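Computed from a predicted structure; not experimentally measured.
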Amino acid sequence: MPQPPAQPGPKSHAARLTGVIVATALPYAEDPDAPAGLRPDLDAYADHCRWLIDNGCDGVGPNGSLGEYSSLTDAERRAVARTAVDAVGPDGLVVVGVHGAGAHQARRHAEIAAEDGADGVLCLPPTLYRANTAEIVHHFEEVAKAGLPVMAYNNPLDTKVDLTPEIVREIAAIDNVVAVKEFSGDVRRVLHLREQAPDLAVVAGADDLVLEALLMGATGWFAGFPNVFPAESARLFALARAGRLAEARELYEPLVAAFRWDSRTEFVQAIKRAMDLVGRYGGPCRPPRGPLSPGQLAEVDADMKRATQALEAAGGPSTLPEAGRRDAAPHHTDPHHTAHEAAR
């Protein structure tokens with residue numbers, strides 16, 4: 001099988017926060033003294049971050065929506081981010097989610113990320129409030145004062161605040177704002193953003209639109225399903241960026257049914273289930289997220305079966321362990337098991 005083009009070395013994407021950065025899922029261990037009886041399993045999380053980098057991803061993104069930041073205490077958020085920094089070391093980027101209801105909260109999270117050695121931050125506009133343009137710009141001005149490169153995050157489905165290309169143009173004028181993660185679901189935004197803010201990196205935010213976004217000029221992918229398929233995702237990114245469309249489509253199309261879960265309400269639970277199915281450890285979520293329904297489980301499993309069978313048939317390099325190539329249920333479902341143990 002032809003190999004994708006060689007990729008830049010470690011940290012080469014740091015200034016613009018591009019490449020394949022994984023919005024990392026967070027494993028928990030049972031602990032009756034922790035919130036909801038679940039504490040972040042930092043050893044398993046470190047193992048997972050390292051595995052992603054070792055399998056070709058350019059960086060990790062702790063404390064994002066997929067990392068359940070809104071269900072964590074401030075102390076837990078800091079511990080998770082520090083764990084990622086230590087696990088990745090000089091070999092990749094760590095872009096920490098600093099989302100907050102107000103500018104003062106997001107700025108403090110960004111300052112802590114800078115103290116702890118992060119390479120950049122990912123930031124939503126004010127959460128829990130439909131901010132106007134002036135309030136949005138002020139929010140990012142405050143976060144940028146922490147001194148780290150900032151990736152603005154447009155997710156109007158969850159925040160009810162749409163960072164339109166015209167608003168992004170104003171944000172892009174702020175020192176240290178270097179990228180925007182685009183998750184509106186409208187692939188037309190990529191070109192519009194490039195027109196309005198030509199010096200800003202556009203980063204694909206929705207897994208089931210990643211190929212389309214990359215072909216229209218996105219230079220990064222802040223991704224969910226690389227938690228499941230890191231090597232395959234890195235290859236897809238490289239093929240798309242090199243313009244090798246036929247090979248990229250052949251790899252992408254069987255994965256899209258699974259990738260669509262990244263844009264659904266239950267994306268965290270679905271991606272954790274998919275991790276379990278390929279022999280990693282996803283495990284449970286903290287409230288408010290509950291378990292998938294039996295019907296949803298069956299749907300995720302069917303979408304994953306199609307994806308894993310296609311990857312197996314392609315016969316190329318794969319991160320899939322044997323567990324991901326069988327129809328059996330995942331062999332570890334107990335939260336006490338770490339990702340390292342689940343991958344044995």
Side-chain angles (χ1 to χ4, degrees), residues 4 7-14 17-28 40-69 80-97 117-120 122 151 181 203-205 207 210 220-238 251 255 258-259 261-262 267-268 270-283 304 307-308 311 317-321 323-324 338-344:
Q7 293 301 289
K11 301 288 187 184
S12 61
H13 297 285
L17 306 184
T18 55
V20 180
I21 302 173
V22 187
T24 45
L26 181 64
Y28 295 106
D41 188 335
L42 298 180
D43 289 340
Y45 182 65
D47 177 271
H48 185 57
C49 289
R50 190 66 242 176
W51 180 71
L52 296 172
I53 298 300
D54 289 345
N55 280 284
C57 296
D58 297 296
V60 298
N63 295 335
S65 302
L66 185 51
E68 302 177 66
Y69 80 91
V80 168
R82 281 176 163 174
T83 298
V85 170
D86 290 343
V88 169
D91 300 323
L93 304 178
V94 178
V95 183
V96 177
D119 296 290
L122 175 72
M151 182 187 298
K181 176 181 176 181
V203 175
D207 290 357
V210 62
W221 178 15
F222 209 110
F225 261 88
N227 281 284
V228 184
F229 303 125
E232 296 79 8
S233 298
R235 175 175 171 79
L236 173 63
F237 180 84
L251 176 57
L255 303 179
F259 280 11
W261 285 95
D262 183 57
F267 71 102
V268 180
I271 289 174
K272 284 189 163 186
R273 170 64 174 178
M275 291 168 65
D276 288 335
L277 288 170
V278 298
R280 301 302 295 173
Y281 178 64
M304 281 295 298
T308 55
L311 293 173
S318 175
T319 50
L320 295 177
T338 66
H340 174 71
E341 292 167 331
R344 287 185 303 181

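For the residue pair Trp221/Asp207, the side-chain donor-acceptor check at 3.5 Å is satisfied.
For the pair Ile53 and Gly92, the tightest heavy-atom approach, listed with the atom from each and the gap, is CD1-CA, 4.3 Å. Closest approach of Val95 to Pro62, counting heavy atoms only: O-CD, 3.5 Å. When every heavy atom of Met304 is checked against every heavy atom of Ala274, the shortest pair comes out as SD-CB, 3.6 Å. Across every non-hydrogen atom of Leu52 and Pro230, the tightest pair is CD2-CB, 4.0 Å. Closest heavy-atom contact between Val60 and Ala84: CG2-CB, 4.1 Å. In terms of heavy-atom proximity, Val20 sits nearest to Pro226 at CG1-CG, 4.3 Å.
Atom-to-atom distance recorded for Phe222:CZ and Thr18:OG1 is 12.0 Å, nearest 0.5 angstrom. For the atom pair Arg280 CZ and Lys272 NZ, the distance stands at 14.0 Å (nearest 0.5 Å). For the atom pair CG of Asp58 and CG of Asp119, the computed distance is 11.5 Å after rounding to the nearest 0.5 Å. Distance check: Tyr69 OH to Leu122 CG gives 10.0 Å after rounding to the nearest 0.5 Å. Distance check, rounded to the nearest 0.5 Å: CZ of Phe225 to CZ of Phe267 gives 11.0 Å. Phe259 contributes atom CZ, which lies 7.0 Å from atom CZ of Phe229 (distance to the nearest 0.5 angstrom).
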| said: Apply side-chain contact (heavy atoms from CB on, under 4.5 Å) to residues Leu93 and Ile21 and explain how you reach the verdict. | reply: CA-CA 8 Å; Leu93 304 178; Ile21 302 173; 4.1 Å; yes

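Residues meeting the side-chain hydrogen bond (donor to acceptor under 3.5 Å, both in side chains) test with Asp262, sequence neighbours left out: none. Listed by chain and number, the residues in a side-chain hydrogen bond (donor to acceptor under 3.5 Å, both in side chains) with Arg50 are Asp54, Asp91 (sequence neighbours excluded).
Annotation: side chain of Trp261 is not in contact with side chain of Ile271 (no heavy-atom distance under 4.5 Å). With a 4.5 Å cut-off on side-chain heavy atoms, Val96 and Val94 count as touching.
When the options Asp41, Asn227, Thr24, Asp43 are evaluated for a side chain to side chain donor-acceptor pair (under 3.5 Å) with His48, the one that passes is Asn227.
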